[in-house]
**Student:** 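One structure follows; several queries about it will come next.
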Amino acid sequence: EADIYQTPRYLVIGTGKKITLECSQTMGHDKMYWYQQDPGMELHLIHYSYGVNSTEKGDLSSESTVSRIRTEHFPLTLESARPSHTSQYLCASSRDRGREETQYFGPGTRLLVL
Amino acid sequence: QKEVEQNSGPLSVPEGAIASLNCTYSDRGSQSFFWYRQYSGKSPELIMFIYSNGDKEDGRFTAQLNKASQYVSLLIRDSQPSDSATYLCAVDIQGAQKLVFGQGTRLTINP
């Protein structure tokens with residue numbers, strides 16, 4: 001059973017507001033990821049981190065930023081939310097176990113920007 | 001060509017039948033392959049992973065890997081309505097150090 005948490009689960013916010021989506025895991029995983037997924041559409045990797053103070057942009061360009069100051073915490077920030085940011089944001093983590101490295105997903109945050 | 005490709009479906013299968021889901025990948029050096037299930041509005045959950053050629057069975061699920069042909073499949077025996085979901089194939093692309101997901105196949109099991 002994976003212990004990865006995301007808050008808030010749902011967020012409705014106005015255009016121009018700054019928001020931070022929280023993601024925490026208690027499994028001691030080194031690697032953490034943020035994905036964006038629109039309803040019925042594929043997952044898009046937007047950020048990942050392989051450890052503290054390490055962050056990289058993913059395959060899909062995103063205006064969001066991330067930080068990794070603690071192993072267990074990987075927050076995502078949008079400085080100025082826009083309606084185009086409306087989507088579901090999924091956080092995941094994994095431990096480097098070679099071929100058996102498995103990503104575990106959090107429950108997701110559904111964001112609606114008005 | 002996408003790194004990981006799946007038929008997006010929808011795939012409709014009668015209850016009790018075998019559902020067969022396929023995935024192809026482009027990188028011959030890929031070592032690990034994963035199948036995730038995602039219910040509507042929920043996050044993906046791992047069903048199986050496989051890294052050796054051949055079959056791997058877990059309950060009603062069987063993963064099949066053929067590295068020479070660069071495909072991996074998932075068979076669901078005795079399909080149940082609760083199996084209705086989107087199934088995501090993920091591949092550990094060599095050198096990428098991260099999983100690459102296919103677009104998913106939407107499966108519907110009809111009672």
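All values below were derived from every heavy atom in this structure, side-chain atoms included, with hydrogens, water molecules and symmetry-related copies excluded. Residue numbering restarts at 1 for every chain, and letters A, B, ... go by the order of the sequence lines.
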**Student:** Quick one: do A/Y104 and A/W34 end up in the same hydrophobic cluster if we chain Ile, Leu, Val, Met, Phe, Trp and Tyr together by side-chain heavy atoms under 4.5 Å apart?
**Tutor:** no
**Student:** Among the clusters formed by ILVMFWY side chains lying less than 4.5 Å apart, do A/Y5 and A/V66 turn up in the same one?
**Tutor:** no
**Student:** Where does B/Q38 contact chain A at under 4.5 Å (heavy atoms): side chain, backbone, both or neither?
**Tutor:**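 For B/Q38, the side chain is the part near chain A, not the backbone.
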**Student:** Looking at CG of B/L46 and OG of A/S94, how far apart are the two atoms once the value is rounded to the nearest 0.5 Å?
**Tutor:**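 Between B/L46 CG and A/S94 OG, I get 12.0 Å after rounding to 0.5 Å.
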**Student:** Could you pull out all residues at least two apart from A/E56 that satisfy side chain to side chain contact (heavy atoms under 4.5 Å, CB included)?
**Tutor:**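 Here the qualifying residues are A/Y48.
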**Student:** Indicate the atoms forming the closest heavy-atom contact of A/T102 with B/F49, along with that distance.
**Tutor:** OG1-CD2, 4.3 Å
**Student:** Would you say CG of A/L114 has more than 12 non-hydrogen atoms from neighbouring residues, nucleotides or ligands within 6.0 angstrom?
**Tutor:**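 Count over threshold, so yes.
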**Student:** Check side chain to side chain contact (heavy atoms under 4.5 Å, CB included) between A/D30 and all other residues, then give those that pass, not counting sequence neighbours.
**Tutor:**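 None.
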**Student:** Heavy atoms only: give me the nearest B/F101-A/Q103 pair and the separation to one decimal.
**Tutor:**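 Heavy atoms only, the tightest pair is CE1-OE1, 4.2 Å.
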**Student:** More than 12 heavy atoms of other residues, nucleotides or ligands under 6.0 Å from NZ of B/K56: yes or no?
**Tutor:**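 Check passes, neighbour count above 12.
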**Student:** Can you hop from B/I47 to B/L21 via hydrophobic side chains spaced under 4.5 Å?
**Tutor:** yes
**Student:** Tell me if the CZ atom of B/R106 is crowded by more than 12 foreign heavy atoms within 6.0 Å.
**Tutor:** no
**Student:** Taking a hydrophobic cluster as the set of Ile, Leu, Val, Met, Phe, Trp and Tyr residues connected by side-chain heavy atoms closer than 4.5 Å, whether directly or through intermediates, do B/Y51 and B/L75 fall within one such cluster?
**Tutor:**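 In one cluster: no.
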**Student:** Residue by residue, scan residues 37-47 of chain A and write down, ordered by number, those that have a heavy-atom distance under 4.5 Å to chain B; if none do, write 'none'.
**Tutor:**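 Expected list: A/Q37, A/E42, A/L43, A/L45.
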**Student:** Can you name the residues of residues 71-93 of chain A that have some heavy atom under 4.5 Å away from a heavy atom in chain B?
**Tutor:**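 The residues closer than 4.5 Å to chain B, in numerical order, are A/Q88, A/L90.
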**Student:** Between B/M48 and B/L11, is there a shared hydrophobic cluster once you connect ILVMFWY residues whose side-chain heavy atoms come closer than 4.5 Å?
**Tutor:** yes
**Student:** Write down the atom of A/P107, the atom of B/S43, and the distance for their closest heavy-atom approach.
**Tutor:** CA-OG, 3.9 Å
